[in-house]
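See structure below.
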Amino acid sequence: MGVDSQTMPRHWYLAPRVHWTVLGILAAIAVVEGVIAIAVRDNDFLCHRNIGEAYLAGIVGRDHYLPARGLMNMSLALAPYRVTRFICYVISLVLLIVCWRIWARLGDRSDGTGEAIPRAAGLCAVFLVLPYLLRDLDECGLQIILLFLLSLGIWALQRGKAIQAGFWLATAVAYKVVPLLCLPFLLWQKQWRAAAAMIVFMLLWCAAPALHLGWDANRRAHEQWYAEIARIKAAKQAYPSLLDREPPVNYNLSIHAALARVLETYPPEHPLHLQHPGFIQFGNLSQHTAYHTVQGILAMLGLGFLWLTRSAWNRTQTRTNFVCDWAVICCLCALLSPSCWKQHLILVLPCVYLVFLNLLTAQTPDRWRWALIAWIGMVVYLGRQFLTGDLNQLVLSYKIDTMAIVTLVVWTMLLRHEDLATGAVHTTAPAERDDRRAA
């Protein structure tokens, strides 16, 4: 997948001075955002710290997170609040850089052309979804941690470290349940050792809270967690919510919410109804019918994804499929979560990176691709509350951010048929390519 360094055109966006300038701008933004996030914000980070304090005291409440996440949250309660925010903020920035390094290596730039193109693609990716990233940095990078765990999972898989991959992916599940979808995908791809290791480490993470709470308390905590999940599932909501703990909200950008928004009509007294002439409703299905319709659509999309990825990963296969598949999996860990806020959407970063890596190395990229990038950028930036003001809830209700992210997912799947580094369509048989590399 390499490009001859002697024939690679030197564009302005590859110049070191451009990169240093952009990095300087991002560093300044990170400093300003850091001051705000550390000294001013009180958001979901505080909620996780409170859970950690409760676990330290041996108190386990009703929650949709696994008890292992409460064990992890204990680390947030060991130092003064603002000090903890500072530590987490700095760590999240470091982890973000590590994630870029992992995906840059996965992009297979080992042909001697240097890091100019991967660096340019990474900077472009960060700028395209900067509002999402800043929203997560407001929370001191809690979603960056999840991206880091998922990235370590594919990095271990790519190096044939199945046990390590199982550990990192099990840790991601303990951190947030949705990455559990990695397990059936590993089985689908015949990654038996990684799947088995993931199961073993998930069981260990389930047992881990007993080290602090005791076995009986840990068992009760898991029973409470399962009862809460079962209670939410039994409600059969097409548009997800936490029921009495949190009503449905317009800023939920999950695929479930986007589909339900099209299928259902909400009366004036409903939390999702907006008293605005621009608020248009479409379908008028009952809650029960809408729920099963959403589940059916998701099932068909899942089967379509499995069909596209039906070729198992193996040593004679180009890494393009491997990398693109996992980038999509990362993004789906956000979109398929019943509750998906804007900060969760930073899990699309691997998809954005691969798209830019392909665009910046293509000899003559199609104009429609750059037009799509422009549209996605408009969606991401113009949807900011300080720009939309009172219209923010209306804009969010139409789930245009979800549509933009789904576009990037589809785009990434299309890259499976191209060389990430050149934009060329594969024409050489996989075995022949492998033989040439070996030679």
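Atoms considered below: every heavy atom in the structure, side chains included; atoms not considered: hydrogens, waters and symmetry mates.
Geometrically, R310 engages W307 in a cation-pi contact, judged by NZ or CZ lying under 6.0 Å from the ring centre and within 45° of the ring axis. Relative to the six-membered ring of Y81, R49 misses at least one condition, a distance below 6.0 Å or an angle of at most 45° to the axis.
D390 pairs by the salt bridge (charged side-chain N to carboxylate O under 4.0 Å, His left out) definition with nothing, not counting sequence neighbours. Partners of D401 according to the side chain to side chain contact (heavy atoms under 4.5 Å, CB included) rule, which considers only residues two or more places apart in sequence or in another chain, are Y132, L253, K342, L345, V379, L396.
Annotation: side chain of L382 is not in contact with side chain of V395 (no heavy-atom distance under 4.5 Å). At least one side-chain heavy atom of D63 sits under 4.5 Å from a side-chain heavy atom of R245. With a 4.5 Å cut-off on side-chain heavy atoms, I102 and L152 count as touching. Using a 4.5 Å heavy-atom threshold, the side chains of L347 and L335 count as separate. Put simply, the side chain of T171 does not reach to within 4.5 Å of the side chain of F148, judged on heavy atoms. Looking at I144 and L133, their side chains come closer than 4.5 Å, going by heavy atoms from C-beta outward. Residues Y65 and N73 form no side-chain contact, since every pair of their non-hydrogen atoms from C-beta on lies 4.5 Å or further apart. Side-chain atoms of N392 and Y251, non-hydrogen and from C-beta on, never get closer than 4.5 Å to each other.
Between the W326 side chain and the L150 main chain, a donor and an acceptor come within less than 3.5 Å of each other. Using a distance-only test at 3.5 Å, with no hydrogens or angles considered, no donor-acceptor pair links the side chain of S337 to the main chain of C333. In this structure, S254 contributes its side chain and A257 its backbone to a donor-acceptor pair below 3.5 Å. Of the possible polar contacts, one joining the Q237 side chain to the S241 backbone as a donor-acceptor pair under 3.5 Å is found. Remark: side-chain polar atoms of K236 are not paired, donor with acceptor, to backbone N or O of A290 under 3.5 angstrom. Side chain of Y89 to backbone of A30: a donor-acceptor contact under 3.5 angstrom is found. With hydrogens and angles ignored, the 3.5 Å screen pairs a side-chain donor or acceptor of N252 with a backbone N or O of P338. In this structure, Y353 contributes its side chain and A125 its backbone to no donor-acceptor pair below 3.5 Å.
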**OP:** Could you check L134 against I29 for side chain to side chain contact (heavy atoms under 4.5 Å, CB included), going step by step and ending with a plain yes or no?
**Re:** CA-CA 9 Å; L134 292 177; I29 293 174; 3.8 Å; yes
Original post:
side chain to side chain contact (heavy atoms under 4.5 Å, CB included) between L106 and L354: does it pass, once the steps are laid out?
Top reply: CA-CA 10 Å; L106 290 170; L354 296 180; over 6 Å; no
**OP:** Check the pair D44, H48 against side-chain hydrogen bond (donor to acceptor under 3.5 Å, both in side chains), reporting the backbone distance first and the verdict last.
**Re:** CA-CA 6 Å; D44 286 351; H48 288 286; 5.9 Å; no
**OP:** I would like to know whether F127 and V22 meet side chain to side chain contact (heavy atoms under 4.5 Å, CB included); could you show each step before the answer?
**Re:** CA-CA 10 Å; F127 264 106; V22 175; 3.2 Å; yes
**OP:** Begin from the C-alpha positions of F201 and V173 and carry the test side chain to side chain contact (heavy atoms under 4.5 Å, CB included) through to its verdict.
**Re:** CA-CA 10 Å; F201 283 116; V173 174; over 6 Å; no
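Pairing each heavy atom of S151 with each of C99, the nearest pair is OG-SG, 3.9 Å. Taking all atoms of both residues into account, the shortest heavy-atom contact from Y398 to I280 is OH-N, 2.8 Å. Of all non-hydrogen atoms in R416 and T309, the two that sit nearest each other are NH2-CA, 3.8 Å. Residues W370 and L359 come closest through the heavy atom pair CZ2-CB, 4.0 Å. Contact detail for V409 and C331: the closest heavy-atom pair is CG2-SG, 3.6 Å. Here the closest heavy-atom approach between residue A121 and residue L360 is recorded as N-CD1, 3.7 Å.
Atom CD1 of I255 is separated from atom NZ of K399 by 12.5 Å, given to the nearest 0.5 angstrom. Taking CD1 of I405 as the start and CD1 of I400 as the end, the distance is 11.0 Å to the nearest 0.5 Å. Rounding to the nearest 0.5 Å gives a distance of 11.5 Å between CG of L71 and CZ of R69. The CG atom of L149 lies 14.0 Å from the CD1 atom of I154; values are rounded to the nearest 0.5 Å. Rounded to the nearest 0.5 Å, atoms CD (Q343) and CG (L137) are 11.0 Å apart.
Ion pairing between E33 and R41 fails under the 4.0 Å rule for side-chain N and carboxylate O. Under a 4.0 Å N-O distance rule, the pair E228/R231 qualifies as a salt bridge. By the 4.0 Å N-to-carboxylate-O rule, D42 lies close enough to R82 to be salt-bridged with it.
Between W411 and W368, the angle of the ring planes lies from 30° to 60°, which puts this pair in the tilted group. Ring-plane geometry between Y239 and Y266 is classed as perpendicular, the angle between the planes exceeding 60 degrees on a 0 to 90 degree scale with a lower cut at 30.
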Acceptor/donor pairs from residues 175-187 side chains to any protein atom, 3.5 angstrom cut, sequence neighbours excluded:
{"unit_1": "Y175", "atom_1": "OH", "unit_2": "L142", "atom_2": "O", "d": "2.7"}

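When the shell of 6.0 Å around OH of Y381 is examined, it contains more than 12 heavy atoms from other residues, nucleotides or ligands. Dense packing is recorded around CD of E53, with more than 12 heavy atoms of other residues, nucleotides or ligands lying under 6.0 Å away. More than 12 heavy atoms of other residues, nucleotides or ligands shown are found within 6.0 angstrom of CE on M403.
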